[in-house]
Engineer: 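Mind looking over this structure? Questions follow.
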Amino acid sequence: MYPNPFITERADPYIVKGPDGIYYFTASYPAYLNADSGYDRIILRKSKTVIGLRAAEEKTIWVAHEKGNMAKHIWAPELHFIGDKWYIFFAAGDSDNKWNIRPYVLMCKGPDPINDPWEEKGKMQATENDNFSFTDFSLDMTYFENNGKHYLIWAEKLGDSSLFMAEINPDKPWKLISKPILLTKPEYDWEKVRFAVNEGPAVLKTDEKIFVFFSASGTGEEYCMGLLFADKSSDLMNISSWEKLPNPILETKDLVNEAGPGHNSFVIDENEKLLLVYHARPSSHAEKKCGTFCGEVLYDPCRHTRIKEIKFDENNMPIIE
C-alpha cells in the first residue's frame, strides 16, 4: 500500500492530520556518524495526502541553540493541535552536556505550522510538590485527550527508562497539573536487550479502549514494540486500569528485510485506513552492510520511516498487517 521504506533516514516519525485537513510529517533529523553533524533542527512536511508526504518539500522550522539548553540531540518531535494552537513537544540536551536530555515545548503563533513563527515555551514544567518529573534523563513526550481530560506520557529514568503519565491544562500544555503515575517499566527479557528501556509512547484511541504502543530495549535490531491498554471509560490515572501484554506486538522476526522496529505514531489516511507509522533499519545493518554503518547505532541514519496498516481482531485488539 505504501513504499517501504516510506521516507529514508527519518527516525521517530510522526504524522498528524490537522484541523485544516492537511497531513503533517516530522521526525528526528539524523546525525551523520556523530552528534555534531545532526540532531540539530526540527523539520516539517505537509501534503493533502499521506502518500504525498513522501516527496513533499521539507522545511526547517526551528534550529538548535548554539549554547546552553536545547543545543544537542534534538530528538523525537511531535506536532499536536491542542485547544486552538499547534504545539511541538521534543527532547534536547545541553551544549555542555549532550546527555542532559529533557522535554521542551514550542508553540506556533499562527494557524500555519509550516510558515508561521514558533515561540519557545521552554522546558516542560512539573506541578507543585512534584520532585520527580523531569529531574533526570527524560524524553519522547506525547499527548492525548480522553473524556475531557488531557494527558502527557513520556519516558524518564527511574533506574531504568520507564513511562510516566500526568494530566495537563490544554491552555498551558507546557506544565503538568498532576503528579505522574508510573505507567510501565522494563520487566520482561525483550524489554532489556542491551539496555532496559521503555520509551517512545504512542496513543491509539478506539470506541472502547486506549492503546499505548511503546518501544523497548536498545535502538539496534533488538528494538521492538510493546502494548498497554485500558478501557476508555476507566480512571486512566489509576494504574490498575491498565494491562500490559507480556510479549512484543512487533519485533524484528515479524518483518522481512527490516530490523529494530519502534518509535511509532498513528494516523488515518485519506482512504480511511488506520496506519502504523514507525521506523526500522534494513536488516543488513546487523551485518554492517547498510551503507551507513556506524558503531554507535544512535548516529547511523539508516533508521527509515515505514508504514503498515492496523486492523482489529474479534476482541477489538490491534493487528499489524
Side-chain angles (χ1 to χ4, degrees), residues 1-2 6 11-19 23-27 50 53 76-82 87 89 140-155 163-168 170 181 183-184 191 198-216 223-237 239 241-251 254-255 261-280 305-321:
M1 183 173 60
Y2 287 93
F6 181 63
D12 313 322
Y14 192 86
I15 297 178
V16 62
K17 186 177 183 179
Y23 290 94
Y24 295 93
F25 169 87
T26 189
V50 171
L53 292 169
E78 290 197 3
L79 177 68
H80 293 276
F81 195 76
I82 304 174
Y87 294 90
F89 299 101
D140 294 352
M141 183 163 281
T142 197
Y143 159 85
F144 73 102
E145 178 276 334
N146 184 58
N147 291 333
K149 293 186 176 182
H150 300 257
Y151 304 88
L152 295 178
I153 305 177
W154 70 95
L163 292 187
F164 297 85
M165 184 171 75
E167 293 185 57
I168 58 165
I181 62 167
L183 199 56
T184 172
E191 300 174 286
N198 284 176
E199 63 180 15
V203 177
L204 173 62
K205 292 173 60 176
T206 67
D207 291 341
E208 297 179 356
K209 295 185 183 297
I210 304 290
F211 295 98
V212 177
F213 284 53
F214 64 93
S215 301
Y223 213 41
C224 60
M225 291 160 54
L227 179 64
L228 299 160
F229 58 95
D231 289 339
K232 197 173 179 180
S233 60
S234 64
D235 177 4
L236 298 183
M237 291 296 290
I239 190 57
S241 298
W242 293 91
E243 183 175 343
K244 178 177 175 178
L245 294 187
N247 297 301
I249 193 167
L250 188 67
E251 56 185 323
D254 301 322
L255 304 170
H263 207 122
N264 72 287
S265 59
F266 299 98
V267 70
I268 297 174
D269 73 5
E270 62 276 9
N271 298 310
E272 298 300 315
K273 293 185 181 296
L274 175 59
L275 305 180
L276 173 83
V277 185
Y278 67 103
H279 76 238
T305 297
R306 306 171 191 267
I307 292 178
K308 290 185 177 293
E309 187 175 357
I310 294 275
K311 294 186 177 178
F312 294 89
D313 64 18
E314 63 277 7
N315 296 314
N316 295 316
M317 294 296 288
I319 299 172
I320 301 171
E321 295 201 334

Engineer: Taking the basic N atoms (NZ, or NE/NH1/NH2) and the acidic carboxylate oxygens, is any pair closer than 4.0 Å for Lys17 and Glu270?
Structural biologist: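 Looking at Glu270 together with Lys17, the answer is no, because their closest N to O distance does not fall below 4.0 Å.
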Engineer: With rounding to the nearest 0.5 angstrom, report the CD1 to OH distance, Ile168 to Tyr143.
Structural biologist: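 Result: 6.0 Å between the selected atoms.
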Engineer: Check whether any side-chain N or O of Trp242 sits under 3.5 Å from a backbone N or O of Leu236 as a donor-acceptor pair, and report yes or no.
Structural biologist: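 Present.
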Engineer: Can you tell me which residue among Val50, Leu79, Ile15 is in a side-chain contact (heavy atoms from CB on, under 4.5 Å) with Phe25?
Structural biologist: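 Of all the options given, the one that passes is Ile15.
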Engineer: Between atom OG of Ser241 and atom CZ of Phe229, what is the distance when rounded to the nearest 0.5 Å?
Structural biologist: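 Interatomic distance, Ser241 OG to Phe229 CZ, rounded to 0.5 Å: 12.0 Å.
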Engineer: With the side chain counted from C-beta on, respond yes when Pro248 and Met225 share a heavy-atom pair under 4.5 Å apart, and no when they do not.
Structural biologist: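 No, too far: nothing below the 4.5 Å cut-off.
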Engineer: Could you measure the distance from the CG atom of Leu163 to the CG atom of Asn198? Nearest 0.5 Å is fine.
Structural biologist: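 So the CG of Leu163 and the CG of Asn198 are separated by 5.0 Å.
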Engineer: How long is the straight-line distance from CD1 of Ile153 back to CE of Met141, given to the nearest 0.5 Å?
Structural biologist: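 Atom-to-atom, Met141:CE and Ile153:CD1 are 10.0 Å apart.
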Engineer: Compare every heavy atom of Glu208 with every heavy atom of Asn316, then report the nearest pair and how far apart it is.
Structural biologist: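 Closest approach of Asn316 to Glu208: ND2-OE1, 3.1 Å.
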Engineer: Which pair of heavy atoms, one from Pro201 and one from Val212, lies closest together, and at what distance?
Structural biologist: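 For Pro201 versus Val212, the nearest heavy atoms are CB-CG1, 4.1 Å.
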Engineer: Could you go step by step and tell me if Met317 and Leu227 meet the side chain to side chain contact (heavy atoms under 4.5 Å, CB included) rule?
Structural biologist: CA-CA 10 Å; Met317 294 296 288; Leu227 179 64; 4.1 Å; yes
Engineer: Which pair of non-hydrogen atoms, one from Ala27 and one from Pro13, has the smallest distance, and what is that distance?
Structural biologist: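 Where Ala27 meets Pro13 most closely, the heavy atoms are CB-CA, 4.0 Å.
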Engineer: Ignoring hydrogens and angles, tell me if any N or O in the side chain of Asp269 forms a donor-acceptor pair with the backbone of Asn271 under 3.5 Å.
Structural biologist: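 Yes: the side chain of Asp269 pairs with the backbone of Asn271.
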Engineer: Can you find a pair of side-chain heavy atoms, one from Val16 and one from Thr26, that are under 4.5 Å apart?
Structural biologist: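 No, side chains not in contact.
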Engineer: Do Phe213 and Phe266 have ring centroids that are under 6.0 Å from one another?
Structural biologist: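 Yes, ring centres under 6.0 Å apart.
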Engineer: Over 60° means perpendicular and under 30° means parallel, so classify the ring planes of His279 and His263, tilted if in between.
Structural biologist: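 Judged by the thresholds at 30° and 60°, the geometry between His263 and His279 is parallel.
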Engineer: Test side chain to side chain contact (heavy atoms under 4.5 Å, CB included) on Thr184 and Glu191 and set out the steps.
Structural biologist: CA-CA 11 Å; Thr184 172; Glu191 300 174 286; 4.3 Å; yes
Engineer: Please report the shortest heavy-atom distance between Ala202 and Ser265, naming the atom on each side.
Structural biologist: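 It is CB-CA, 4.2 Å.
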Engineer: So which heavy atom on Lys205 is nearest to which on Glu145, and how close?
Structural biologist: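 Scanning both residues completely, I find the closest heavy atoms to be NZ-O, 2.5 Å.
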Engineer: Test side chain to side chain contact (heavy atoms under 4.5 Å, CB included) on Ile320 and Ile310 and set out the steps.
Structural biologist: CA-CA 5 Å; Ile320 301 171; Ile310 294 275; 3.7 Å; yes
Engineer: With rounding to the nearest 0.5 angstrom, report the CZ to CG distance, Phe214 to Leu183.
Structural biologist: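 Atom-to-atom, Phe214:CZ and Leu183:CG are 9.0 Å apart.
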Engineer: What distance separates Asn147 CG from Ile210 CD1, expressed to the nearest 0.5 Å?
Structural biologist: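 If we round to the nearest 0.5 Å, Asn147:CG and Ile210:CD1 are 7.5 Å apart.
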Engineer: Is there a donor-acceptor pair closer than 3.5 Å between any side-chain N or O of Asp140 and the backbone N or O of Gly200?
Structural biologist: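 Side chain of Asp140 to backbone of Gly200, a donor-acceptor pair under 3.5 Å: yes, one is there.
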Engineer: Heavy-atom count around Asn315 CG within 6.0 Å, excluding the residue itself: above 12?
Structural biologist: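 Atom CG in Asn315 is packed in, count exceeds 12.
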Engineer: Under the salt bridge (Lys or Arg N to Asp or Glu O under 4.0 Å) rule, collect the residues that match up with Glu251, sequence neighbours excluded.
Structural biologist: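 Only Lys253 meet the salt bridge (Lys or Arg N to Asp or Glu O under 4.0 Å) criterion with Glu251.
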Engineer: So which of Tyr24, Phe89, Tyr87, Phe144 actually passes ring-ring contact (aromatic ring centres under 6.0 Å, His included) with His80?
Structural biologist: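 One option only clears the test, and that one is Phe89.
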Engineer: Between Tyr151 and Glu167, does the side chain to side chain contact (heavy atoms under 4.5 Å, CB included) criterion hold? Intermediate values first, please.
Structural biologist: CA-CA 4 Å; Tyr151 304 88; Glu167 293 185 57; 3.7 Å; yes
Engineer: Quick one: does any side-chain atom of Asp12 pair with a main-chain N or O of Pro77 as donor and acceptor, under 3.5 Å?
Structural biologist: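 No; judged by distance alone, with no hydrogens or angles, the pair does not exist.
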Engineer: Give the intermediate values and the outcome of salt bridge (Lys or Arg N to Asp or Glu O under 4.0 Å) for residues Lys273 and Glu321.
Structural biologist: CA-CA 12 Å; Lys273 293 185 181 296; Glu321 295 201 334; over 6 Å; no
Engineer: Counting neighbours of NZ on Lys244 that are heavy atoms of other residues, nucleotides or ligands and sit closer than 6.0 Å, is the number greater than 12?
Structural biologist: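 Counting other residues, nucleotides and ligands, NZ of Lys244 exceeds 12 neighbours.
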